Participant: 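I'd like to ask some things about the structure below.
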Amino acid sequence: MSIHARLLRATTALLLCVSAAMIAARPALAAAAPTSLPAGQFTLTADYDQFSALGTALAARLGTATVSDVMENANHSRWAITDSLNLPGYSTGFRFDDEDRNSCTSFPQGITTSRDAVGSPNGGRYDGHQLILVSWYTMRGCGGSTSRSRITLVDWDATHPKRYRKILLVEPTGTTSAPSFTDIPIHAGGVSWYGDHLYVADTVRGMRVFDMTRILKTSTAGTADQIGRQNDTTYYAHNYAYVLPQVGTITAATTSGTALVWSTISLDRADPSIVMAEYTCTSGCTRYPNRAPRAVRFPFAPNLTTFAAGTTATEALRLPWRRLNGVAAHDHRWWFNSSGDKKLYYWTPSRAPSAYNWVTGGESISYWDNGTRPDLLWSLQEPMGHRNVFAVQEAAYDG
């Protein structure tokens, strides 16, 4: 064989290999696309003062802690991820300690960050800290019913220790002369931090609202089952040192006849709003609806981190995918995580949707505006033994 023939054959083989690699790296086109629904049929009613009097009374008795106070007293270590996630565009991540990673009673669900809260200026720091916030629900024993919910604040700053702290979510009870609090037994499937407000998905209602400037200090004495007021000066919270009391409720309604299922939420800072999505099945589910899911966008009041007393949705979609545990939106682009399909779906109205291979047990998504560096998508895994929190470059998942 002549040298020219050998060169031609080698070049052809190389081009075939390169072409095959490029095809393998491309996302698959999803078979169907989201379709628009009348947005006006979905509304929110906001009450940010629901627990004002009780909250003030609790703060007077317990004393408050700042986010910085909490992080200076962080008592759990985060660790490097040891699983092979095999995700294109992988950027960084961590896993929880063995206690949280292997727990059969507590499960991570929602994710948001201080970049959601304050944006990218000053490195996205809230009260001096760059933070990842994860919501959890806890069951009454392994496989039991939901008993309470909490958040985890994780320091994500090279200048601070690789630590995190748990904060119990509570609902104020009692009277202003004898205030107390109780557990919030919700799935906490999604969470969004905007300004000082923390919005936590309440599956059947809408969202519960918390104020990150009103963290309260509690006694770590007592027993693990004790919650609330013991006397005028002593309050227990299952041995947690900090609680975050609910300040208000965002109640959802629809004129479509089918109430929304608030399975997951995410903040869109580019179009200040919260987007939500539903976890549904094709058929055979008893705990979840058997129908096509919906995704809906609810705008914040102009130049505020709160919703107006009454808010009407500005965008609503019927989705072709099922078992959705995560949603994110930014700059007219959408991402949907299906734990059932192990896919991350990307869609924008200007083009057909794309499907990417995703992790097992994937949960919520949070868009991370990275300033002058590539933006990220943060997400996490729920399965015991594999509770990884990770970030990928969003450009690897934008069609």
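Computed from a prediction, not measured in an experiment: that's the story for all the values here.
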Participant: Within the 4.5 Å heavy-atom criterion, are Ser147 and Arg140 side-chain neighbours or not?
Facilitator: yes
Participant: For Phe94 and Trp156, run ring-ring contact (aromatic ring centres under 6.0 Å, His included): C-alpha distance rounded to whole Å, both residues' side-chain angles, the deciding distance at 0.1 Å, then the answer.
Facilitator: CA-CA 10 Å; Phe94 64 91; Trp156 193 248; 5.7 Å; yes
Participant: Pick out which of Pro293, Cys285, Cys281 makes a side-chain contact (heavy atoms from CB on, under 4.5 Å) with Arg322.
Facilitator: Pro293
Participant: I need the Thr282 OG1 to Trp321 CH2 distance, nearest 0.5 Å.
Facilitator: 13.5 Å
Participant: Regarding Asp375 and Tyr367, is there a side-chain donor-to-acceptor distance under 3.5 Å anywhere?
Facilitator: yes
Participant: Could you please spell out the steps behind the ring-ring contact (aromatic ring centres under 6.0 Å, His included) verdict for Tyr194 and Phe300?
Facilitator: CA-CA 10 Å; Tyr194 194 34; Phe300 286 102; 4.7 Å; yes
Participant: In Å, rounded to the nearest 0.5 Å, how long is the span from CD of Glu315 to CG of Leu317?
Facilitator: 5.0 Å
Participant: Report yes or no: do Arg297 and Ser273 form a side-chain donor-acceptor pair below 3.5 Å?
Facilitator: yes
Participant: Taking atom types as modelled, is there a side-chain donor on Lys342 or Asn357 under 3.5 Å from an acceptor on the other?
Facilitator: no
Participant: Would you say Thr305's side chain and Gly195's backbone share a donor-acceptor pair under 3.5 angstrom?
Facilitator: no
Participant: Without swapping roles, check the side chain of Arg387 against the backbone of Asp100 for a donor-acceptor pair under 3.5 Å.
Facilitator: yes
Participant: Do side-chain atoms of Gln381 reach the backbone of Thr360 as a donor and acceptor pair under 3.5 angstrom?
Facilitator: yes
Participant: Distance check, rounded to the nearest 0.5 Å: Ser91 atom OG versus Trp378 atom CH2?
Facilitator: 7.5 Å
Participant: Would Trp358 and Tyr397 count as a ring-ring contact (aromatic ring centres under 6.0 Å, His included) if you check the C-alpha gap in whole Å, the side-chain angles of each, and the deciding distance to 0.1 Å?
Facilitator: CA-CA 10 Å; Trp358 200 238; Tyr397 300 88; 5.5 Å; yes
Participant: With a 3.5 Å distance limit and no angle check, can you tell me whether Asn337 reaches the backbone of Leu344 through a side-chain donor-acceptor pair?
Facilitator: no
Participant: Taking all non-hydrogen atoms of both residues, which atom of Leu153 and which atom of Met71 are closest, and how far apart?
Facilitator: O-CE, 3.5 Å
Participant: Just do the salt bridge (Lys or Arg N to Asp or Glu O under 4.0 Å) check on Glu99 and Lys166 with the steps written out, would you?
Facilitator: CA-CA 12 Å; Glu99 173 189 337; Lys166 306 173 188 179; 3.1 Å; yes
Participant: So, do Ser106 and Tyr137 sit near enough that their side-chain heavy atoms are less than 4.5 Å apart?
Facilitator: no
Participant: Are Asn75 and Tyr164 close enough that a side-chain donor and a side-chain acceptor fall under 3.5 Å?
Facilitator: no
Participant: Cut-off 3.5 Å, side chains only: do Thr35 and Arg318 have a donor facing an acceptor?
Facilitator: no
Participant: Do side-chain atoms of Arg294 reach the backbone of Glu278 as a donor and acceptor pair under 3.5 angstrom?
Facilitator: no
Participant: Any chance the side chains of His238 and Asp183 put a donor and an acceptor closer than 3.5 Å?
Facilitator: yes
Participant: Mind checking the CG-CD1 spacing from Leu267 to Ile274? Nearest 0.5 Å is all I need.
Facilitator: 6.0 Å
Participant: Whether the Thr254 and Ser256 side chains hold a donor-acceptor pair (N or O, under 3.5 Å, no angle test) is what I'd like checked.
Facilitator: yes
Participant: Mark yes or no for whether Asp211, through its side chain, and Thr213, through its backbone, hold a donor-acceptor pair below 3.5 Å.
Facilitator: yes
Participant: Please report the C-alpha distance between Phe336 and Trp334 in whole Å, then the side-chain angles of each, then the deciding distance to 0.1 Å, and finally whether the ring-ring contact (aromatic ring centres under 6.0 Å, His included) criterion is met.
Facilitator: CA-CA 7 Å; Phe336 302 95; Trp334 290 79; 5.6 Å; yes
Participant: I need the Ser77 OG to Asp97 CG distance, nearest 0.5 Å.
Facilitator: 7.0 Å
Participant: Any idea which heavy atoms bring Thr64 and Ala59 closest together, and the distance?
Facilitator: CG2-CB, 4.0 Å
Participant: Would you say that Ile227 contacts Leu168 through its side chain, given a criterion of any heavy-atom pair below 4.5 Å between the two side chains?
Facilitator: yes
Participant: Between Thr311 and Pro299, what is the shortest heavy-atom contact and its length?
Facilitator: CG2-O, 3.5 Å
Participant: Checking side-chain polar atoms at under 3.5 Å, does Thr66 have a donor or acceptor matched by the opposite partner on Ser68?
Facilitator: no
Participant: Please check if any side-chain donor atom of Thr152 sits under 3.5 Å from a side-chain acceptor atom of Trp136, or the reverse.
Facilitator: yes
Participant: Are Ile265 and Ser192 close enough that some pair of their side-chain heavy atoms sits under 4.5 Å apart?
Facilitator: yes
Participant: Is there a side-chain contact between Tyr235 and Leu58, using heavy atoms and a 4.5 Å cut-off?
Facilitator: yes
Participant: Report yes or no: do Gln109 and His187 form a side-chain donor-acceptor pair below 3.5 Å?
Facilitator: yes
Participant: Would you say Asn231 and Thr233 are linked by a side-chain donor-acceptor pair, where the criterion is simply a distance under 3.5 Å?
Facilitator: yes
Participant: Given side chains that start at C-beta, do those of Phe210 and Val247 come closer than 4.5 Å, heavy atoms only?
Facilitator: no
Participant: Just by distance, no angles: are the side chains of Ser364 and Thr264 close enough, under 3.5 Å, to form a donor-acceptor pair?
Facilitator: yes
Participant: Sub-3.5 Å donor-acceptor pair from the side chain of Gln226 to the main-chain atoms of Thr223, do we have one?
Facilitator: yes
Participant: Show the nearest heavy-atom pair for residues Gly110 and Val191, with the distance to one decimal.
Facilitator: C-CG1, 3.5 Å
Participant: Backbone N or O of Pro374 within a donor-acceptor pair of the Asn370 side chain at under 3.5 Å?
Facilitator: yes
Participant: Below 30° counts as parallel, above 60° as perpendicular, anything between as tilted: where do the rings of Tyr48 and Tyr199 land?
Facilitator: perpendicular
Participant: Under a 3.5 Å cutoff, is there a donor and acceptor pairing between the side chains of Asn290 and Ser283?
Facilitator: no
Participant: Measuring centre to centre across the rings, with the benzene-like ring taken for any Trp, is Tyr356 within less than 6.0 Å of Tyr346?
Facilitator: no
Participant: Looking only at atom types and distance, does a side-chain atom of Ser180 sit under 3.5 Å from a main-chain N or O of Arg229, one as donor and one as acceptor?
Facilitator: yes
Participant: Which pair of heavy atoms, one from Ser379 and one from Ile111, lies closest together, and at what distance?
Facilitator: O-CD1, 4.0 Å
Participant: Quick check on salt bridge (Lys or Arg N to Asp or Glu O under 4.0 Å): which of Arg78, Arg125, Lys162, Arg163 does Asp157 satisfy it with?
Facilitator: Arg125
Participant: Measure the OG-CG distance between Ser366 and Asp116 for me, rounded to the nearest 0.5 Å.
Facilitator: 3.5 Å
Participant: Contact between Arg269 and Arg115 at the side-chain level, heavy atoms closer than 4.5 Å - yes or no?
Facilitator: no
Participant: Which pair of non-hydrogen atoms, one from Thr312 and one from Gly40, has the smallest distance, and what is that distance?
Facilitator: CG2-CA, 3.7 Å
Participant: Would Thr105 and Ser103 count as having a side-chain donor-acceptor pair, cut-off 3.5 Å?
Facilitator: yes
Participant: Is there a donor in the side chain of Asn86 and an acceptor in the side chain of Ser84, or the other way round, less than 3.5 Å apart?
Facilitator: no
Participant: Are Val327 and Trp262 joined in one hydrophobic group, where the rule is that I, L, V, M, F, W and Y side chains link up if heavy atoms are under 4.5 Å apart?
Facilitator: no
Participant: So, Thr218 side chain and Tyr240 main chain: donor-acceptor pair closer than 3.5 Å or not?
Facilitator: yes
Participant: Quick one: does Met276's side chain get under 4.5 Å of Leu260's, heavy atoms only?
Facilitator: yes
Participant: Would you say the side-chain atoms of Gln50 and Thr249 include a donor-acceptor pair closer than 3.5 Å?
Facilitator: yes
Participant: Between Arg208 and Gln246, does any side-chain donor sit less than 3.5 Å from a side-chain acceptor?
Facilitator: yes
